[in-house]
Amino acid sequence: MSETLSNLLHEERRFAPPEAFAAAANVTATAYQEAAADRLAFWATQARRLTWATPWSEVLDWSAAPVARWFVGGRLNVAYNCVDRHVEDGHGDQVAFRWEGEPGDTRTITYAELKDMVCRAANGLAELGVRAGDRVAIYLPMIPETVVAMLACARLGAPHTVVFGGFSATALSDRILDCDARVVITADGGYRRGAVSALKPAVDEALQRCPDVRSVLVVRRGGNEVGWTEGRDVWWHELVDRQSAEHTAEPFDAEHPLFVMYTSGTTGKPKGILHTSGGYLTQVAYTHHAVFDVKPDEDLYWCGADIGWITGHSYIVYGPLANRTTSFLYEGTPNTPSEHRWWEMIERYRMTILYTAPTTIRTFMKWGPEIPAAHDLSSLRLLGSVGEPINPEAWMWYRSVIGGDRCPVVDTWWQTETGAIMISPLPGVTATKPGSAMTALPGVGADVVDQDGVPVPNGGGGMLVLTEPWPAMTRGIWGDPERFQETYWARFAAQGFYFAGDGAKKDEDGDLWLLGRVDDVMNVSGHRISTTEVESALVSHPTVAEAAVVGATDPTTGQAIVAFVILRTTEPADNLAGTLRDHVAKEIGAIAKPRQILVVPELPKTRSGKIMRRLLRDVAENRKLGDVTTLTDSTVMDLIRDKLPSAP
Ligand code: PRX
């Protein structure tokens, strides 16, 4: 890491916003001054972007810290704010989504149409008995119904939990059980890599473990054959299409739960991150307006994330819709039918703003600059990055090859827990540095501290903390307040700082450089996966006695999963690695498949029995071993090395 650091800190390139961009930008430097003068007044101003049925009486109640209450006493309906009010304001004909399926089929949905769809779905869910407070699980491909399903839940005050379609049946059932969802919304299947990928069978399998689920609402998308449980399963088109398009949106308390999004922590069990209504919507709307500079009447905005992750929730659904954005939505993979797909669509639709992850950018770099160069990308005016540290090479490539050296690049740091972007340049204000997320946004407090919680001076490195409560902050881990306190707040309790779990550096100007996780969480293609989660999946296979998993640096995916396993048998079976990789995919999902599985005779452990992943990471990255003195038996590492293929 120290080598990366010194490279990063020699970065001297600066890219000031183009003059015309700065002159027309939604947000100027005064936002920093306003927020610094009175942070709560600043957030109250932002909350007025929304339409409230009842005004709040207090901006922030922090008396029950670390569980915040923002906009106390205020009432609003999130779906009304995302849809109805725009129609009432005369924008019903404006397009909310231009959608394209992977096979090339298209749909255009105006705000008026979206309103009808959401009302019908809300009436349909109500017919299934869904009431305010009930949890609804959503397991869908990237189709407009996914947005509609989320908004219908929000409209009813029923918190949704969207499970990424790439997760396995086991992962799905864990999530359904943890938040006790009684209704599941899914599809027969969706298109991926040129074929229908079935979803319903995973739901059927998951529900064998979830006896309390009474209804499964199934969207027809793939047209594939599906199993059917009479009395439980119901087609979306049969239930929803016959409903009335009238539905009165009831206002809910600002702190009413909006959704639970599961994410990996340092233990095997995913955490249900809870977000509520008023503060969350305020900050996603503000940051979407400020960071992406969206002009509702002009832009066509595309966030290439999956709706099943927090980025999709905040910057495909809630932020953009609250701001009356016209968005593009795409179902499939970037190389179907060819590696030209993304750029061909950006050219054809004349998209103006693109938000994606470094791993995607690096994949396109690998495919070659001639692919985007074959398309007219001159409509683009702003580029965003999220999910993992972006290396300066990828940043520069994004800026020049995709952005034609004309588009500001905003590297946005945030997390499932923060709900909204926290650290990012403002595109009309900040002179950016390739690879730096720059500074905290107006109204946000961030710093880098040492082990004792003392802020490091400029030029120093340490751990990233958030120093002030923020409106979109999680209100806790579903059903586990102790774990919430322990994970994020215990470490710097004396200072009252939120511990993000990321390492960071402040450069000589005080700008922030994010360096990746400091805990046992891996970041693979921008997806958070815990080492223990993969280890538990591996040891649940009958041939594995013990497993240790590390994230090793990977040129495309950021990190890749490397697993070290001790077997119960002496002779490894044929294709053991393949079997174990498939087993992990079945237990968690394909995203958690190890890149490499190495059979070893022992694992390096400290005297207290803790696996020293640091040493295994050295092996996986083919580096000289670090300090081995705390190992019970330092010869273990020689044994491991001996077993390895020449270059890991
Ligand atoms: O390590 C940081 C990394 O992703 C983690 C959060 O993951 P998740 O909750 O899945 O949310 C991802 C999308 C917001 C962080 O703790 N991360 C996210 N964005 C960046 C980043 N690391 C560096 N730079 C970023 N821009």
Side-chain angles (χ1 to χ4, degrees), residues 1 4 8 162 164 166-167 259-266 270-275 280 283-284 287-288 291 303-316 318-319 355-362 383-392 394-395 398 409-425 432-441 444 446 448 463-466 472-474 477 487-488 498-505 511-530 533 551 557-559 589 591-592:
M1 196 177 268
T4 334
L8 286 177
V162 183
F164 171 56
F167 273 125
F259 65 86
V260 177
M261 170 96 254
Y262 284 85
T263 188
S264 292
T266 50
K271 303 176 283 200
I273 301 298
L274 171 67
H275 284 287
Y280 172 80
Q283 196 176 343
V284 294
T287 51
H288 183 255
V291 174
C303 168
D306 193 284
I307 295 181
W309 304 110
I310 191 70
T311 307
H313 281 49
S314 300
Y315 298 106
I316 294 178
Y318 292 113
Y355 190 30
T356 187
T359 187
T360 312
I361 299 165
R362 289 192 298 263
L383 302 172
S385 173
V386 62
E388 45 177 323
I390 179 163
N391 46 312
W395 195 101
Y398 197 28
V409 174
V410 287
D411 173 20
T412 64
W413 179 91
W414 58 295
Q415 310 176 299
T416 305
E417 294 86 341
T418 69
I421 299 172
M422 303 294 282
I423 305 174
S424 165
T432 52
K433 304 174 183 176
S436 170
M438 303 302 290
T439 57
L441 285 175
V444 170
V448 181
M463 283 164 284
L464 180 73
V465 293
L466 300 170
M473 71 196 297
T474 174
I477 297 176
T487 311
Y488 306 103
Y498 167 93
F499 172 56
D502 280 38
K505 179 96 187 168
D511 293 322
L512 301 172
W513 299 75
L514 278 307
L515 302 171
R517 303 286 307 189
V518 293
D519 51 14
D520 291 332
V521 173
M522 301 174 286
N523 190 325
V524 182
S525 298
H527 299 150
R528 244 162 99 170
I529 302 169
S530 90
E533 214 175 338
T557 57
Q559 284 189 314
I591 49 167

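Scope of the values below: all heavy atoms of this structure, side chains included, with no hydrogens, waters or symmetry mates. These numbers come from a predicted model, not from an experiment. Whatever order the structure lists them in is the order used to number ligands and atoms, beginning at 1.
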Checklist entry - At under 4.0 Å between heavy atoms, which part of Leu514 makes contact with ligand 1: side chain, backbone, both or neither? => result side chain
Next on the checklist: Checking side-chain polar atoms at under 3.5 Å, does Tyr488 have a donor or acceptor matched by the opposite partner on Thr474?
Outcome noted: no
Checklist outcome for this item: among protein heavy atoms, the one nearest atom 7 (O) of ligand 1 is Arg528 CD, 3.1 Å
Checklist entry - Is a donor on one side and an acceptor on the other found under 3.5 Å between the side chain of His275 and the backbone of Val260? => result no
Next on the checklist: Testing the 3.5 Å rule here: is there a donor-acceptor pair between the side chains of Thr356 and Tyr398?
Outcome noted: no
Checklist entry - If you measure from each heavy atom of Gly387 to ligand 1, is any distance below 4.0 Å? => result yes
Item to check | Side-chain heavy atoms of Thr439 within contact of Asp511, under 4.5 Å | outcome: yes
Checklist entry - Which is closest to atom 20 (C) of ligand 1 by heavy-atom distance: Glu388, His313, Arg517? => result Glu388
Item to check | Positive for side-chain hydrogen bond (donor to acceptor under 3.5 Å, both in side chains) with Ser264, one of Lys271, His527, Glu533 | outcome: Glu533
Checklist outcome for this item: Looking at Ile310, Thr311, Asn523, Thr412, the heavy atom closest to atom 26 (N) of ligand 1 belongs to Thr412
Next on the checklist: Distance under 4.0 Å to a non-hydrogen atom of Asp411: what atoms of ligand 1 satisfy this?
Outcome noted: 25 (C), 26 (N)
Next on the checklist: Check this for me - ligand 1, Ser385, N or O atoms closer than 3.5 angstrom, yes or no?
Outcome noted: no
Item to check | atom 23 (C) of ligand 1 - nearest protein heavy atom and its distance | outcome: Pro389 N, 3.1 Å
Next on the checklist: Students should be able to answer this: which protein heavy-atom is nearest to atom 1 (O) of ligand 1, and at what distance?
Outcome noted: Asp502 OD2, 2.8 Å
Checklist outcome for this item: Here the atoms of ligand 1 under 4.0 Å from any heavy atom belonging to Val386 are 13 (C), 14 (C)
Checklist entry - Gln415 side chain to Ala500 main-chain N or O, any donor-acceptor pair under 3.5 Å? => result yes
Next on the checklist: Between Phe167 and Tyr262, is the ring centroid distance below 6.0 Å?
Outcome noted: no
